[in-house]
Every structure is written in structure tokens, then in C-alpha cells.
Amino acid sequence: MRAVRNLEVWKLGLVNYLDALKLQEKLVLDRKSHKIGDTLLSLQHPPTYTVGKRQTVHNLLIPQSELEQIGAELHYTQRGGDITFHGPHQAILYPIISLRDTGLGARRFVEKIESTMIEMAGLYGVKASPGKRCETGVWVGEKKIGAIGVRISSGITSHGMAFNIDPDLNYFRHIVPCGIADKEVTSLRRETDLDLPTEEIIQEQLISCFARIFGYDNLIWKEDASILSDKKETE
């Protein structure tokens, strides 16, 4: 009989990007040493541009000195992928999971992340699909609705996916999103005529899609936002 697979879900609300990055780094170490089981961070960020390990900052289309004027930050990361934007009204999931325990390779892991966002869009009648060759993420026609950028270290994942619920799409005009020129970015709000529920409900739906596609039987919810401050005190 197959063992029950648990996933601990941390609902963190709006979190500064660097705080979330430090938390991921600690959790990756804890997962490697088996101090914790598979964990999923659910959150949003203030307006933030992030650059992947290829450091393609040339795809930022405005001078870095002007970022403060538009209320955004820029951070460099060790994830895969190109430059992207994170901001309010975007559902972000960062899985800290063991690929060895799930039996997944890197490619299959990314495919399941794609499937998670495709299924999420489908709940609202939006037909999404994986990108074409060299087009990462999830797309509605020629418009991108979900971004993917992952890091895998010793079989443990971090970073993850960003699904556009209703972010300010003007921020995407200042970058070449994911390094793909002449493509638009869209959101769930723009692609459906349905009345959307609260963003908290949509984020929980995205979590449920993730859990089903990755084969987790039981979700353990951790909703105390003081998790971040608790972690800082123990560092």
C-alpha cells in the first residue's frame, strides 16, 4: 500500500522578496537534512523584478535608477529562467520538495508546474497551454498568464511559479518578460467574463491544483504570518 503523502502549506500573504528568498534557502537546507517534509509557500510580493542565474539584466528596459520611481525593486537570483516581474494580485507558489521522494526528474517537475497553472485557468473557462519551444511558462494564445523559474539543489526544489490573477500589467512593459520579445502578458481577470472570487480563494484553488497534480493526499495548513519573524529570531 502506498504511503500517505503530506504537504505542509505556509500561507504568508504579502512578503518582501528577500525575506522570502532567505526563508526558502533555510527550508531547502532543512529539507535536505530531513528536518522537514515537503513544504509549499503561498504568497505575494511587492512590485519586484527578478533576474535568473543567467543575469540577463539587459532585458530590463528602464534604467535601474528609475525603479524607485515606479515603486519596484530589482533582485538577482539563482533560479533558472530570465527576468520576470512579481507583484500584488499575483499568486505565487514556491515548492520546497524532494524530487527523489516524488520520483520526478527536472523536466517532469516543470511540466507538472505547467499543468498546475493550466488546470487553474481551466477552472474559469480559460484555455491555457505550455509555451512553444524556448517559450517558458503558461500561455493563453500568444499571451503569457503564468511564469516559471525553478532551482534544484541536491534534488530539492525552490522558487517556482507565478500565476497572474489581476496584477498591474504596466509593470511588464518595463521588461522583456522571460526574455521573449513581442509577446504580451495577460491575467485571469482579463481572460474571463466570470466574476472572480477573492484572491485568497484563488490562491487556495491553485494550491489544490498543485496538490492533486503532484499526488499529495493531505494538506497541512500553516496560516500564521509570524512564521517569517519566528524564523528571523532563530537565525
Side-chain angles (χ1 to χ4, degrees), residues 10 12-32 39-97 99 106-107 109-110 113-114 117 131 134-138 144-164 167-183 185 227-229 231-232 235:
W10 293 19
L12 299 176
L14 188 69
V15 181
N16 177 274
Y17 187 83
L18 289 181
D19 287 340
L21 188 61
K22 290 176 184 175
L23 178 58
Q24 287 183 80
E25 290 170 351
K26 182 182 188 310
L27 292 176
V28 166
L29 292 175
D30 287 348
R31 188 68 186 91
K32 286 179 182 177
T39 302
L40 183 68
L41 306 184
S42 173
L43 49 86
Q44 296 189 15
H45 289 308
T48 307
Y49 295 105
T50 66
V51 177
K53 59 187 177 183
R54 287 184 287 156
Q55 298 197 2
T56 50
V57 74
H58 59 272
N59 284 324
L60 177 67
L61 302 179
I62 62 172
Q64 294 186 39
S65 58
E66 293 182 16
L67 289 176
E68 187 175 347
Q69 297 174 27
I70 64 172
E73 298 179 352
L74 173 68
H75 294 295
Y76 293 82
T77 78
Q78 290 301 306
R79 63 163 173 78
D82 210 298
I83 193 168
T84 194
F85 171 76
H86 294 312
H89 315 300
Q90 186 184 64
I92 295 172
L93 296 184
Y94 292 146
I96 315 296
I97 67 175
L99 293 187
R107 180 64 244 173
F109 172 66
V110 171
I113 288 182
E114 291 171 344
M117 291 192 283
C134 297
E135 293 181 351
T136 60
V138 169
K144 190 169 193 173
I145 196 170
I148 298 172
V150 302
R151 185 183 187 199
I152 300 172
S153 174
S154 301
I156 307 299
T157 68
S158 58
H159 299 276
M161 73 186 86
F163 181 81
N164 294 335
D168 183 349
L169 298 180
N170 288 319
Y171 280 103
F172 289 95
R173 296 180 180 178
H174 301 306
I175 61 173
V176 181
C178 299
I180 304 170
D182 303 320
K183 298 285 186 178
V185 177
I227 292 168
L228 283 170
S229 59
K231 289 295 177 186
K232 287 178 184 177
E235 286 176 356

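Because the structure is a prediction, the values reported are computed rather than measured. Scope of the values below: all heavy atoms of this structure, side chains included, with no hydrogens, waters or symmetry mates.
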Revision key, fill the gap. When rounded to the nearest 0.5 Å, the distance separating NZ of K144 from CE of M117 is 8.5 Å
Point to revise | Plane angle bin for F85 and Y49 - parallel if under 30°, tilted between 30 and 60°, otherwise perpendicular | key: tilted
Review point. Is there a donor-acceptor contact under 3.5 Å from the side chain of T77 to the main chain of V51?
Key: yes
Exercise for review: Please assess T157 against R31 for the test side-chain contact (heavy atoms from CB on, under 4.5 Å), listing each intermediate value before the final yes or no.
Suggested key: CA-CA 10 Å; T157 68; R31 188 68 186 91; over 6 Å; no
Study note, to complete from the structure: The reported gap from CD1 in I156 to CD in Q24 (rounded to nearest 0.5 angstrom) is 13.0 Å
Exercise for review: Please name the residue in the list L93, L27, I92 that meets the side-chain contact (heavy atoms from CB on, under 4.5 Å) test with L41.
Suggested key: L27
Practice item. Please check if the side chain of Q44 supplies one atom and the backbone of H89 the other of a donor-acceptor pair under 3.5 Å. Key: yes
Study note, to complete from the structure: When rounded to the nearest 0.5 Å, the distance separating CG of L12 from OH of Y94 is 10.5 Å
Review point. Should the ring pair H45 and H86 be called parallel, tilted or perpendicular, given that the plane angle runs from 0 to 90° and is split at 30 and 60?
Key: tilted
Exercise for review: For F163, check ring pair (Phe, Tyr, Trp, His ring centres under 6.0 Å) against everything at least two apart and list the hits.
Suggested key: none
**Study point:** S65 and L67, any side-chain heavy atoms less than 4.5 Å apart
**Key:** no
Review point. So how far is it from I70 CD1 to R173 CZ, rounded to the nearest 0.5 Å?
Key: 12.0 Å
Practice item. Measure the spacing between CG of L21 and NE2 of H159 and express it to the nearest 0.5 Å. Key: 5.5 Å
Practice item. Please answer whether the main-chain N or O of I96 pairs with a side-chain N or O of T39 as donor and acceptor at a distance below 3.5 Å. Key: no
Review point. How long is the span from the CG atom in L18 to the CG atom in N16, to the nearest 0.5 Å?
Key: 5.5 Å
